[in-house]
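Below, read A as the first sequence line, B as the second, and so on, with proteins coming before strands; counting in each chain starts at 1. Hydrogens, waters and symmetry mates play no part in the numbers below; they use all other heavy atoms, side chains included.
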Protein chains: 4
Amino acid sequence: MSTSAGRKPRTDAERNRSRVLQVAGELFAARGDAVQMADVAKAAGVGIGTVYRHFPTRQALVAAVAEERFAGILRHAREECLSLPDTRQALVGFLDAIGRTHEAGRGVSGAIEATFGNTEPSGEVGAQLLDIGEQLLARGQADGTVRGDAGVSDLYMIAGAVAALSRNAVGDWRRFIDLALDGLRPQR
Amino acid sequence: MSTSAGRKPRTDAERNRSRVLQVAGELFAARGDAVQMADVAKAAGVGIGTVYRHFPTRQALVAAVAEERFAGILRHAREECLSLPDTRQALVGFLDAIGRTHEAGRGVSGAIEATFGNTEPSGEVGAQLLDIGEQLLARGQADGTVRGDAGVSDLYMIAGAVAALSRNAVGDWRRFIDLALDGLRPQR
Amino acid sequence: MSTSAGRKPRTDAERNRSRVLQVAGELFAARGDAVQMADVAKAAGVGIGTVYRHFPTRQALVAAVAEERFAGILRHAREECLSLPDTRQALVGFLDAIGRTHEAGRGVSGAIEATFGNTEPSGEVGAQLLDIGEQLLARGQADGTVRGDAGVSDLYMIAGAVAALSRNAVGDWRRFIDLALDGLRPQR
Amino acid sequence: MSTSAGRKPRTDAERNRSRVLQVAGELFAARGDAVQMADVAKAAGVGIGTVYRHFPTRQALVAAVAEERFAGILRHAREECLSLPDTRQALVGFLDAIGRTHEAGRGVSGAIEATFGNTEPSGEVGAQLLDIGEQLLARGQADGTVRGDAGVSDLYMIAGAVAALSRNAVGDWRRFIDLALDGLRPQR
DNA sequence: GATGAATGAGCATTCATTCAT
DNA sequence: CATGAATGAATGCTCATTCAT
């Protein structure tokens, strides 16, 4: 009742924020870094001032889009991969999510790269992603699927490579995942 | 004698061209894509018109810088790596050259990426690079160091990954080379 | 009351637009095509971005100035000439308006010419101008003042000639009007 | 003998000058004012320095092209028109030459206009052109074909009008010549 | 005389960000 | 809170002209 009353509730602002965020994601995906703040505003059906209210800077907007992307990957990893009994399959699923995301959102990656100089995850989500990697790696070492001297940084690099390859359309990144994970197995 | 006699305008022009090219490389390395044509001119000690005489477009300048980079890698691969008796070492040397180049010239990569959307070699130099990869791979398969189902595209992807990791300072790319090459070995 | 209440951003924008347009007209008149967008902005007391907001291109600005000019002529023709009982006088008045406009705005014509390659009216205003010419001609033919084989295109040419002569200060264009209209009379 | 000897005679320079002049005329005709000095040099097969040796300024080059044009008209008027027994025909021939020249060399007119603000003849050639006009007019007044109050300035204006109409493709300028000359006849 | 490389002021246009309403 | 007009620094590129060789 009180919520639906005459005054514009907090919800409206929130709705605008996510609207802008979503639209921005689509635009970046479609046009890469060549997206202007005004474009985002128009596509979202709001004034440009509103965009700036929620994202004080173009950088902030790009960062938000980037974070959402990683959140999606994180969610997928948690819900789909962690539960897989076969460690290798879990790793493949994890990396595959990264690949698919970057492949589908090349333009987004371009914008992020142009803005921050790299495409790596950061902040809370980044930490949790790293954590998942650690778990997977530990499991693999426990069941003998992953070489003992492998560290998260190794997996992190592989993930970075998958991201780069898929977003740049450099060959068959799924094949690369296999290759790289083979390199991560215990060597004779 | 011959030097002063032969000094024709043409010589000066060529000198200017390489001067500009070199300076541009350094500036891009230092500041990435945030380098203006006027900066290059000033740093090279020539008028901006001269820069444009040799490189009719900013794109053209970036392309020239990029090509020179790959030419350097190609030269290194030919002179230093191809002759190494141990195939693995040759491959490492090859990939290492890529890694070092990209690590040292991060800004350059940024400029190239910002300009062309990717950092891959192309044209004649690109083809020759690919050719070297093919030779190395063949050798490795002949001496049993490389898995039989490996193709150049696999090596190409690894090279791309090394480039991406080194220029983005994502972990220890030398370690990655080892990992990836392990993945390229014949698997049990 | 209503004025201050109704004053919305839109009003300001409109004010700016006409301010820019008017100032641009004056500058073009004074300096011909040698007027930079920045000059216009400064003279109008607005930022250069504002000029571009209203006229996305220099061409667009020139076109707007040109159209306004023809609109002025059209207005004059309608209000002052069409009502004159003497057809010859009406024609003279019409052509005179063209002459005066081009004489006063020589620089403007230069800019238009430099931008579009010609100085002819076009679009809606051009069509209406043509229409008035047709009316005048018909009237003249009805009252025996204008030769029967005369068409609008003839009048159009005369108008074009008047414009050219007056803006280039080639002799006494008022005299030319008389001469030309004499040529348009029924010949023995 | 001496002329054909080893040293480059004055003739060479002269040859270059006319080569440049001719080529410039063609280029201006084809592309209007959008012709660069370097284009002219290249098309003439000489260095840009040579162009500047003969025409110290772009303006000078344009002026030379313009003069040549009028010289052509003058020649035509003298050789073809002056001898015609019928004065009206002579006048038509004169104006027709102007019309044809401007129609064929629209681009040239554009360049001249852009450079000097008008397309009128000047200097010696201009004076002689005027002189011919005077002769024709006198003849016409003598044989009763031209109104007594007509002056050269009237013919000059008509010529200017023909030039403007033909170069701007505003209607049928041959028809205009007829109309204007009718206006120049003795009026009842 | 001829050549053409070098020069650099000049200019249109873009776009992130601010702020009055 | 929302709006969108205004801002102006930033930037790639052109082209007439000069001058060393």
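Between A/Ala38 and B/Arg17, the residue anchored nearer the 5' end of DNA chain E, judged by the nucleotide with its closest heavy atom, is B/Arg17.
At whole-Å resolution of the value, CG in D/Leu61 and C1' in F/dC15 are 15 Å apart. Atoms CE (C/Met37) and P (E/dT14) sit 10 Å apart, rounded to a whole Å. As rounded to whole Å, 14 Å separates atom C1' of F/dT14 from atom CG of D/Asp33. For B/Asp39 and F/dA10, the CG to C1' distance is 11 Å, given to the nearest whole Å. Between A/Glu14 atom CD and F/dA2 atom C1' the separation is 16 Å, expressed in whole Å. Following rounding to the nearest Å, A/Phe55 (CZ) and E/dT17 (P) show an atom-to-atom distance of 14 Å. Summarising the geometry, the separation between CZ on A/Arg15 and P on F/dA2 is reported as 12 Å, rounded to the nearest angstrom. Separating the CD atom of A/Gln59 from the P atom of E/dC15 is a distance of 17 Å, rounded to the nearest angstrom.
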Evaluate D/Asp12 against D/Arg19 for salt bridge (charged side-chain N to carboxylate O under 4.0 Å, His left out), listing each step before the verdict. CA-CA 10 Å; D/Asp12 252 37; D/Arg19 179 86 152 292; over 6 Å; no

Every protein N/O within reach of nucleotides 7-10 of chain E N/O, cut-off under 3.5 Å:
unit_1, atom_1, unit_2, atom_2, d
E/dT7, OP2, B/Gly47, N, 2.6
E/dT7, OP2, B/Thr50, OG1, 2.5
E/dG8, N7, B/Gly49, N, 3.1

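At least one side-chain heavy atom of C/Arg58 sits less than 4.5 Å from a side-chain heavy atom of C/Thr115. At least one side-chain heavy atom of D/Arg69 sits under 4.5 Å from a side-chain heavy atom of D/Ile112.
Note that the CG atom of C/Asn168 and the CD atom of D/Glu120 stand 6.0 Å from one another [nearest 0.5 Å]. For the atom pair D/Arg167 CZ and C/Asn118 CG, the distance stands at 11.0 Å (nearest 0.5 Å). Distance CE/B/Met37 to CD1/B/Ile48: 6.5 Å, rounded to 0.5 Å.
OP1 or OP2 of E/dA6 sits under 4.0 Å from a side-chain N or O of B/His54.
Within 6.0 Å of CD on D/Glu67 lie no more than 12 heavy atoms contributed by other residues, nucleotides or ligands.
In this structure, B/Thr50 contributes its side chain and B/Val46 its backbone to no donor-acceptor pair below 3.5 Å. Under a 3.5 Å cut-off, the side chain of C/Arg17 and the backbone N or O of C/Arg53 do not form any donor-acceptor pair. A donor-acceptor contact shorter than 3.5 Å links the side chain of B/Asp39 to the backbone of B/Gln36.
The side chain of B/Tyr52 lies closest to F/dT14, out of F/dT17, F/dT14, E/dT17.
At a non-hydrogen distance threshold of 4.0 Å, nothing from residues 19-30 of chain A comes into contact with DNA chain F.
Listed here is the closest heavy atom pair of A/Ala111 and A/Phe28: CB-CD2, 3.5 Å.
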Applying the Watson-Crick and G-U criteria (both distances under 3.5 angstrom) with [ ] for crossing and | for other-strand pairs, one obtains for DNA chain E .||||||||||||||||||||

